[in-house]
*Asks:* 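Have a look at the structure that comes next, please.
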There are 2 protein chains.
Amino acid sequence: MTPGTPTLEMVAAAAGVSRATVSRVVNGSPKVSPQVVDAVNRAIVALNYVPNRAARTLASRQAMAIALLVPEDIGRFYADPYFASVVKGITERLEPTDYVLNLLVSSSDPRHKTRRYLAGGSVDGALVVSHHAGDRDLIELSDIVPTVFGGDPTTMLGLRDRFYVDVDNVGGARAATRHLIRLGRRRIGTVTGAMDMHAATHRLAGWRDVMSEAGLDDTAVAHGDFTSYGGADAMRDLLARRPDIDAVFVANDLMARGALITLGAAGRRVPEDVALIGFDDSFAATNVSPGLTTVRQAADTMGWSMADMLLELLAGREPETRTRILPTTLVLRETA
Amino acid sequence: MTPGTPTLEMVAAAAGVSRATVSRVVNGSPKVSPQVVDAVNRAIVALNYVPNRAARTLASRQAMAIALLVPEDIGRFYADPYFASVVKGITERLEPTDYVLNLLVSSSDPRHKTRRYLAGGSVDGALVVSHHAGDRDLIELSDIVPTVFGGDPTTMLGLRDRFYVDVDNVGGARAATRHLIRLGRRRIGTVTGAMDMHAATHRLAGWRDVMSEAGLDDTAVAHGDFTSYGGADAMRDLLARRPDIDAVFVANDLMARGALITLGAAGRRVPEDVALIGFDDSFAATNVSPGLTTVRQAADTMGWSMADMLLELLAGREPETRTRILPTTLVLRETA
DNA sequence: TTGTAAGCGTTATCAA
DNA sequence: TTGATAACGCTTACAA
């Protein structure tokens with residue numbers, strides 16, 4: 001803070017009232033007489049006063065800030081439109097509130113820095129997105145401040161009774177697979193996401209369910225990593241092992257894009273030879289030709305809902321449920 | 001801060017020293033006896049003490065935080081790999097320091113919120129990336145705390161004598177255009193970026209320079225907006241007006257991608273019929289087929305350098321120059 | 001409805 | 001080298 005910055009004290013002096021009164025006006029307390037409110041507000045405007053955040057935080061024990069933890073490589077975080085939507089949803093929920101969002105992408109800030117940040121009272125709560133099986137330290141971090149997870153943290157972190165928002169991954173995968181069968185496809189493979197992430201395992205489970213229910217072979221599985229390149233590689237692998245494949249359920253759109261390129265290079269027509277379904281309905285799906293049939297998950301709603309749940313927590317209210325599961329929808333375009 | 005959180009006071013009591021001494025140890029002051037340092041550190045570990053950030057900020061008048069202002073739509077910010085690289089560079093420079101980065105994407109946080117954030121002492125300085133001609137309020141914001149711009153703020157904001165880092169946009173555009181001419185192309189068009197951004201005007205200027213120097217027609221100009229769709233549209237426009245065009249310099253890779261699609265749809269072979277050069281050398285360039293010839297700008301270096309300059313400023317040192325210009329390189333791939 | 005005064009957890013200035 | 005003690009700018013009982 002540059003010297004000369006106006007303080008509560010100075011506003012109080014200018015308005016001819018006490019510091020406490022100015023504080024009340026600033027915080028919208030109802031028990032201040034209209035004339036005083038007016039005088040104070042005039043002084044605030046005249047001095048161009050803005051409350052000092054650190055002082056406020058210290059006195060009120062509230063930072064009015066929320067951290068978004070992304071235990072992911074920064075390039076990955078930016079490359080996947082899915083994250084963009086989640087962040088968008090979060091900021092939309094936060095916008096009308098006084099809370100600000102602080103993004104902590106793990107590769108950028110080392111974990112001990114993150115820990116100090118949370119433990120140092122910089123934020124009142126945290127949102128975790130994209131956690132992996134190995135992220136043991138997230139368990140510790142999520143104990144420091146109230147935390148809401150994006151995606152079930154039970155599967156990969158063994159964290160029970162946590163607050164989380166998830167999409168119906170299993171249901172979405174089931175719907176996609178069922179659609180492929182309905183299309184008459186029988187030799188259906190899948191490209192999974194990074195298997196240390198719950199979304200990957202859940203989507204694989206959904207595919208497998210339907211395949212075995214239908215009495216079809218459920219072993220045409222190739223593992224990707226949720227990136228475009230990973231998807232292309234996995235598709236190549238799958239094609240090598242199962243050249244007669246006639247449909248593929250790919251665990252996200254980015255990988256589906258990669259798969260599309262591989263299929264094209266291999267001379268397979270989509271959807272004539274091989275039908276393809278992705279997951280996310282992100283920009284990656286709409287921005288490709290042929291248009292990708294995919295499972296829509298409302299990533300922005302997910303972000304919104306996570307923030308909403310955390311705000312409940314911070315307000316001292318117990319959310320109705322510790323878990324919110326969002327629906328998915330199959331969006332038919334050209335690839336299946 | 002949850003009640004029960006250990007404070008300096010408690011550490012002092014546990015170590016049998018004064019508060020001041022603990023503070024010295026925490027801040028690595030050299031004039032503390034080794035034994036005392038030891039005792040204090042033991043107490044810190046035992047209590048799991050982490051200094052309270054707000055208290056520190058209040059007392060030291062330093063937030064140890066930097067804001068990254070992005071006056072851009074959030075979707076746009078995430079969609080362009082260029083920003084990812086800039087952020088990466090910034091975080092890399094910040095990583096070994098005690099500073100943390102707070103991202104403020106403008107559509108998410110309304111400006112008055114941003115203003116309060118800066119004026120409230122939440123951060124010690126700011127980095128501005130992707131500013132537009134209309135962003136008058138940035139002028140005000142950049143007066144609140146020490147600020148370093150990414151890109152020359154003179155052109156669009158009329159801000160003189162500011163600190164900024166820029167890439168040699170004119171030089172890059174010149175090199176690209178010269179290369180096209182060297183290739184034997186003569187009817188060379190350009191797709192510009194959003195003309196309210198300095199990078200767009202500078203790149204257009206570079207193209208125009210070379211074209212007129214070579215005595216070629218420099219009127220085949222179509223305006224895009226730096227997005228993939230915008231590039232596709234602009235290319236369509238250009239093609240309609242100048243069907244005989246044999247090369248295009250596109251002001252960024254994302255638009256070049258869009259242009260590539262348009263050209264394909266129009267039955268033009270790239271580079272046989274129309275040669276294409278982009279700008280950025282981002283993921284968007286390498287991740288496309290045919291490989292995009294482009295002008296490489298080191299976006300991560302740009303971020304790194306901006307952060308570096310700001311740190312100088314915050315350390316109270318006057319940077320050697322108020323301006324750092326980074327070089328560009330032409331990267332030859334398949335499209336030209 | 002308003003004011004007084006005691007913190008909030010640090011840093012920083014003096015003395016010792 | 002260490003310790004008191006006064007800020008830092010605000011919130012919040014408690015009085016008035």
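Worth knowing before you read on, the calculation uses all heavy atoms, side chains too, and leaves out hydrogens, waters and symmetry mates. Below, chain A is the first sequence line, B the second, and so on; all start at residue 1.
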*Asks:* Report the distance from atom CG of Asp38(A) to atom C1' of dT2(C), rounded to the nearest whole Å.
*Replies:* 17 Å
*Asks:* Given dG3(C), is OP1 or OP2 found less than 4.0 Å from the side-chain N or O atoms of Ser18(A)?
*Replies:* yes
*Asks:* In whole angstroms, how far is the P atom of dT11(D) from the CZ atom of Arg53(A)?
*Replies:* 12 Å
*Asks:* Answer yes or no: does a side-chain N or O of Arg61(A) lie under 4.0 Å from OP1 or OP2 of dG9(C)?
*Replies:* yes
*Asks:* Tell me whether the OP1 or OP2 atom of dC8(D) has a side-chain N or O from Asn52(A) closer than 4.0 Å.
*Replies:* no
*Asks:* Nearest whole Å is fine: how far is dT11(D) P from Gln62(A) CD?
*Replies:*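 In whole Å, dT11(D) P and Gln62(A) CD are 11 Å from each other.
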*Asks:* Rounded to whole angstrom units, what separation is found between the CG atom of Leu8(B) and the P atom of dG3(D)?
*Replies:*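 For the pair Leu8(B) CG and dG3(D) P, the rounded distance is 13 Å.
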*Asks:* Can you tell me if Ser33(B) touches the phosphate of dT2(D), counting only side-chain N or O atoms and a distance under 4.0 Å to OP1 or OP2?
*Replies:*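 Affirmative; the distance criterion is met.
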*Asks:* In whole angstrom, give the distance that lies between atom CZ of Arg24(A) and atom P of dT4(C).
*Replies:* 11 Å
*Asks:* Could you tell me the separation between the CE atom of Met64(A) and the C1' atom of dC10(D), rounded to a whole number of Å?
*Replies:* 15 Å
*Asks:* Any side-chain N or O of Arg19(B) less than 4.0 Å from the OP1 or OP2 oxygen of dA12(C)?
*Replies:*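 Negative; the distance criterion is not met.
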*Asks:* Between Phe83(A) and Tyr78(B), is the gap from one ring center to the other below 6.0 Å?
*Replies:*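 For Phe83(A) and Tyr78(B), the ring centres are not under 6.0 Å apart.
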*Asks:* What I want to check is whether the side chains of Asn27(A) and Arg56(A) have a donor and an acceptor closer together than 3.5 Å.
*Replies:*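 Present: a donor and an acceptor within the cut-off.
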*Asks:* Does Ser60(A) have a side-chain nitrogen or oxygen under 4.0 Å from the phosphate oxygens OP1 or OP2 of dT11(D)?
*Replies:* no
*Asks:* Please tell me which of Glu9(A) and Gly16(B) maps to the more 5' nucleotide of DNA chain D, matching each residue to the nucleotide holding its nearest heavy atom.
*Replies:*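 The residue whose closest nucleotide sits nearer the 5' end is Gly16(B).
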*Asks:* Using a 4.5 Å cut-off on heavy atoms from C-beta on, say whether the side chain of Val36(B) contacts that of Asp38(B).
*Replies:*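 In short, these two side chains do not touch, never coming nearer than 4.5 Å.
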*Asks:* Under the criterion side chain to side chain contact (heavy atoms under 4.5 Å, CB included), which of Val100(B), Leu311(B), Leu310(B), Asp308(B) is the partner of Leu94(B)?
*Replies:* Leu311(B)
*Asks:* Would you mind reporting whether Val148(B) and Val128(B) have side-chain heavy atoms less than 4.5 Å apart?
*Replies:*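 Sidechains of Val148(B) and Val128(B): no contact.
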*Asks:* Want to settle it: does Ala55(B) or Ala20(B) sit nearer the 5' end of DNA chain D, counting the closest nucleotide to each?
*Replies:* Ala20(B)
*Asks:* Within the structure shown, what part of the strands sits under 4.0 Å from Val17(A) by heavy-atom distance: base, sugar-phosphate, or nothing?
*Replies:*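 Sugar-phosphate, no base atom in range.
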*Asks:* Please tell me if Ser23(B) has a side-chain N or O lying less than 4.0 Å from either OP1 or OP2 of dT10(C).
*Replies:* no
*Asks:* Would you mind reading off the distance between Leu58(B) atom CG and dT11(D) atom P, rounded to a whole angstrom?
*Replies:* 12 Å
